[in-house]
Each structure stands twice: as structure tokens, then as C-alpha cells.
Engineer: 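Can you keep this structure in mind? I'll have questions shortly.
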Amino acid sequence: MPHTIGYVDNSGGVLAHYKMLETIRDFAAANGWTVLRYDTAPADRELILKGVGYTGEEEIFVGFRTYQDASADYYNLLAGVFTGYVAGNSFDTQPGARLSGVPAHNNRIDYWLTLNPQRIALAMKVGTPVYESCYVGKCLPYGRPSQYPYPVVCGGMLSGAAATRFSDTAHSGYFKGNQLAMGLRSNDNWLQPYCYPWGNSYIAGTGRSASNTNLRDTGGTYHVLPIELHDNSANLWGALDGIFYISGFDNAVENTLTIDEVGYVVIQDVWRTGHTDYYALRMD
């Protein structure tokens, strides 16, 4: 199945976030994605990929580039989703670009990387440690292709190429929704969706009252819930593909579970360890 777990570091004089970019390229290319660009000449290295979706006939444009500042001691990735590809355009000016930063490192990065024909999902352990995540590609739309032909998501940890180090305590994961670090493409523009079940106080509440509870395991069995994208009003657009809410009650980062013979790994939101600060990444 198309997933890989490992680490990169700065051995050989190459910074770890550069090696992470190369790892994404190699793994995607080996599993059905077309490399449209891989430019390692500039300091901000660029990777742009095209996926064909589950039909084998789609065009899904995603990418990653590096950005860094040695004086500020940050070495990050920038995740991108596009509506097309123009060879003469820079990474940031590709058609319909939506970009989200992902703090990384110049030293060791442990990673969990998984993909299928329509999306790529990545989690990284960096630094102290903290855990950084991103998602690029299609979600699972609640509509026909004729109604919603390009339901792509760009999810990361930062709004654009923010000058933010992994040690920053304010940034948070896209999967909780309602933040600039996550965009959902509608039929005409990018939206900033909410994510269920965050916001539902009976599932992802503080647990401090009878009306504000949180999900926990049942006899040691953890039930995962789809992360659904909505506008906190009348519209429900779809669900993330392979990313699920899981309770943090008596749980811990990097725990693994198996559901229907498929493996999952538990990832936390940066440094946070509360009951509502985890998700389960399906290792496709």
C-alpha cells in the first residue's frame, strides 16, 4: 500500500527539509503521480505534481516548495494546490494557487507520508518534538462530479509562507478547521471551511459539564470519525480522505490502530495533548 515511514536528517551537508522535499518527489513519482517540476537550483526548491484521481483521467495539481531563514532559524515547507499548471509561472503564481506553510527543520525529521491517486497527506515530527501536518489534493465530496468537479483542499499549519518556526506555540493544524491555514476549492473560489466534529461540544468539548463532553474510547477500542467540511450553517461539502478525528482520552501520539485490516497512526496538533488535539492518519 502507498505509504512510507522514516526520517531524514542533515547528513551529507543537505538540510533535512530539502531531503523531505526529495522524499515526497520520489514517493509520489513511484506511486502514480507525475512530476511536472522539480527545481533544486534556487534556495527555495520547488516540486509540482499532477495526480489522475481514482478515475485515472483527472488532473489534480499539487506541490511543495521550501522556504527558510537561517538567521530566524526556520526551515519550512510550503504546501500548494492549483487549478492548473503553467510551466513559465513560479510556484506561487500557478493558476488558482492556495498555499499553506508547514514548519519543518534543518535537522532530523521523522515522517509519515501517505498518498492515493487523488491526495497526499504528510505528518512530521520535528524539534522538541512537535508534530506538523499537511494535506493537498481532493477531498471526498458530497456531490456528483458534474456538480462539484474539483473539490480540492490545501491544508497546512500556517497562512501562506509565514515566517514561523516549529517552536511557535500559536499555530495549529488545518484539520480543526476555520483557519487561514486551510482552503477548500468551491466551483468558483477558495473557501475557509469549518471541520466537524470540532465545534460539536458533545464530541469535542472540554468535558467540564454534562452538556460539554468529549468522545472517549469504548473498552479500549477507539472509534474514528470522518472530518467533514462545512460552513457552520447550511452547507456540508465533503470529508477529508484518510484523515479522521480520534479521541485523545488515554491516547498518545504515534499510537497505532488497525480497522478492517488497515493501519492508522495517531498524530497530535503541534505540542498540544488535550483530548481533542489528535487525529488518525490512515496509512493507505
Side-chain angles (χ1 to χ4, degrees), residues 1-9 16 20 23-24 27 77 102-105 107-116 119-136 139-140 155-157 166-167 169 171-177 181-182 195-208 213-228 239-284:
M1 300 294 281
H3 70 266
T4 181
I5 301 170
Y7 74 91
V8 293
D9 58 26
M20 192 70 247
T23 298
I24 297 169
F27 188 63
L77 298 178
V102 190
H105 210 336
N107 293 312
R108 177 170 171 139
I109 300 171
D110 294 88
Y111 65 82
W112 298 260
L113 176 60
T114 177
L115 59 77
N116 59 40
R119 68 95 177 98
I120 298 172
L122 170 67
M124 299 183 292
K125 177 170 69 173
V126 298
T128 50
V130 299
Y131 293 80
E132 310 286 359
S133 302
C134 67
Y135 178 112
V136 290
C139 68
L140 302 172
M157 310 297 289
F166 66 84
S167 57
T169 59
H171 71 286
S172 181
Y174 70 92
F175 44 88
K176 291 182 175 178
M182 182 182 191
C195 288
Y196 172 89
W198 284 277
N200 183 313
S201 62
Y202 289 94
I203 297 175
T206 63
R208 294 174 181 171
T213 59
N214 55 63
L215 185 71
R216 59 160 294 171
D217 65 296
T218 303
T221 299
Y222 285 83
H223 301 278
V224 297
L225 298 178
I227 298 178
E228 297 179 301
L240 294 177
D241 183 0
I243 310 294
F244 298 88
Y245 179 89
I246 191 168
S247 174
F249 189 94
D250 199 24
N251 205 348
V253 68
E254 299 188 37
N255 279 351
T256 60
L257 64 153
T258 301
I259 302 173
D260 295 331
E261 300 183 351
V262 178
Y264 297 73
V265 62
V266 177
I267 302 296
Q268 73 187 40
D269 182 16
V270 196
W271 53 271
R272 300 171 181 85
T273 57
H275 291 174
T276 64
D277 292 320
Y278 297 86
Y279 73 92
L281 172 63
R282 187 182 69 218
M283 304 306 288
D284 287 311

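All figures in this text were calculated on a predicted structure; none of them were measured in a lab. This chain uses plain numbering: 1 for the first residue, then up along the sequence.
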Engineer: Mind checking whether Ile259 and Val224 have side chains closer than 4.5 Å, heavy atoms only?
Structural biologist: yes
Engineer: To the closest 0.5 Å, what do you measure between CZ (Arg208) and OG (Ser201)?
Structural biologist: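 Taking CZ in Arg208 and OG in Ser201, the distance rounds to 13.0 Å.
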Engineer: What's the shortest heavy-atom distance between Thr23 and Tyr111, and which atoms?
Structural biologist: CG2-OH, 3.6 Å
Engineer: Can you check whether Ile203 reaches Tyr196 side chain to side chain, under 4.5 Å on heavy atoms?
Structural biologist: yes
Engineer: Is there a side-chain contact between Thr256 and Tyr264, using heavy atoms and a 4.5 Å cut-off?
Structural biologist: no
Engineer: For Tyr135, does its backbone N or O pair with a side-chain atom of Arg119 as donor and acceptor, under 3.5 Å?
Structural biologist: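 No: the side chain of Arg119 does not pair with the backbone of Tyr135.
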Engineer: Nearest 0.5 Å please: distance from the CG atom of Asp284 over to the CG atom of Asn116.
Structural biologist: 5.0 Å
Engineer: How long is the gap from CG on Asp260 to OG1 on Thr258, to the nearest 0.5 Å?
Structural biologist: 10.0 Å
Engineer: What's the shortest heavy-atom distance between Leu122 and Tyr279, and which atoms?
Structural biologist: O-OH, 4.4 Å
Engineer: Specify the closest pair of heavy atoms between Ala104 and Ile109, including all atoms of both residues, with the distance to one decimal.
Structural biologist: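 Minimum heavy-atom contact is CB-CD1, 4.0 Å.
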Engineer: Using 0.5 Å steps for rounding, measure from the NE2 atom of His275 to the CZ atom of Arg216.
Structural biologist: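 Answer for the NE2-CZ pair, His275 versus Arg216, is 9.0 Å.
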Engineer: For Ile246 and Ala280, which heavy atoms make the closest approach, and how far apart are they?
Structural biologist: CG2-N, 3.8 Å
Engineer: Could you walk me through whether Thr273 and Tyr278 pass side-chain hydrogen bond (donor to acceptor under 3.5 Å, both in side chains), step by step?
Structural biologist: CA-CA 8 Å; Thr273 57; Tyr278 297 86; 4.9 Å; no
Engineer: Contact between Ser167 and Val130 at the side-chain level, heavy atoms closer than 4.5 Å - yes or no?
Structural biologist: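 No, every pair of side-chain atoms sits at 4.5 Å or beyond.
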Engineer: If you apply the rule side chain to side chain contact (heavy atoms under 4.5 Å, CB included), what do you find for Asn255 with Tyr222, and how did you get there?
Structural biologist: CA-CA 11 Å; Asn255 279 351; Tyr222 285 83; over 6 Å; no
Engineer: Is the Lys NZ or Arg CZ of Arg108 less than 6.0 Å from the centre of Tyr7's six-membered ring, within 45° of the axis?
Structural biologist: yes
Engineer: Show, in sequence, the C-alpha distance, side-chain angles and deciding distance for Leu113 and His3, and conclude whether the side chain to side chain contact (heavy atoms under 4.5 Å, CB included) test is met.
Structural biologist: CA-CA 6 Å; Leu113 176 60; His3 70 266; over 6 Å; no
Engineer: For Tyr245 and Trp198, I'd like to know if the aromatic rings sit close, meaning centre-to-centre distance below 6.0 Å.
Structural biologist: yes
Engineer: What's the spacing between Asn200 CG and Leu215 CG if we round to 0.5 Å?
Structural biologist: 10.0 Å
Engineer: Could you tell me which non-hydrogen atom of Cys195 sits nearest to which non-hydrogen atom of Ile227, and how far apart they are?
Structural biologist: CB-CG2, 3.8 Å
Engineer: Examine the side chains of Asn107 and Asp9 and answer whether a donor and an acceptor come within less than 3.5 Å of each other.
Structural biologist: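 Per modelled atom types, Asn107 and Asp9 side chains form no pair under 3.5 Å.
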Engineer: Distance alone, cut at 3.5 Å: any donor-acceptor contact between the side chains of Tyr131 and Glu254?
Structural biologist: yes
Engineer: Side chains of Lys176 and Asp277: closer than 4.5 Å at any heavy-atom pair?
Structural biologist: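 A side-chain contact under 4.5 Å exists here.
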Engineer: With side chains defined as the heavy atoms from C-beta onward, is the minimum distance between Asp269 and Thr276 less than 4.5 Å?
Structural biologist: no
Engineer: Got a salt bridge between Glu132 and Lys125, using NZ or NE/NH1/NH2 to carboxylate O under 4.0 Å?
Structural biologist: no
Engineer: Identify the two heavy atoms, one from Leu281 and one from Ala123, that lie closest to each other, and give their separation to 0.1 Å.
Structural biologist: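 For Leu281 and Ala123, the tightest heavy-atom pair comes out as CD2-CB, 4.3 Å.
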Engineer: So Met157 and Cys134, do their side chains get closer than 4.5 Å, heavy atoms only?
Structural biologist: no
Engineer: For the residue pair Val262 and Arg282, establish whether any side-chain heavy-atom pair is separated by less than 4.5 Å.
Structural biologist: yes
Engineer: Which one of Val126, Val8, Asp110 satisfies the side-chain contact (heavy atoms from CB on, under 4.5 Å) criterion with His105?
Structural biologist: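 The passing option is Val126.
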Engineer: Could you walk me through whether Asn251 and Val266 pass the side chain to side chain contact (heavy atoms under 4.5 Å, CB included) test, one step at a time?
Structural biologist: CA-CA 8 Å; Asn251 205 348; Val266 177; 4.1 Å; yes
Engineer: Apply side chain to side chain contact (heavy atoms under 4.5 Å, CB included) to Trp112 and Met283, showing your working.
Structural biologist: CA-CA 8 Å; Trp112 298 260; Met283 304 306 288; 4.2 Å; yes
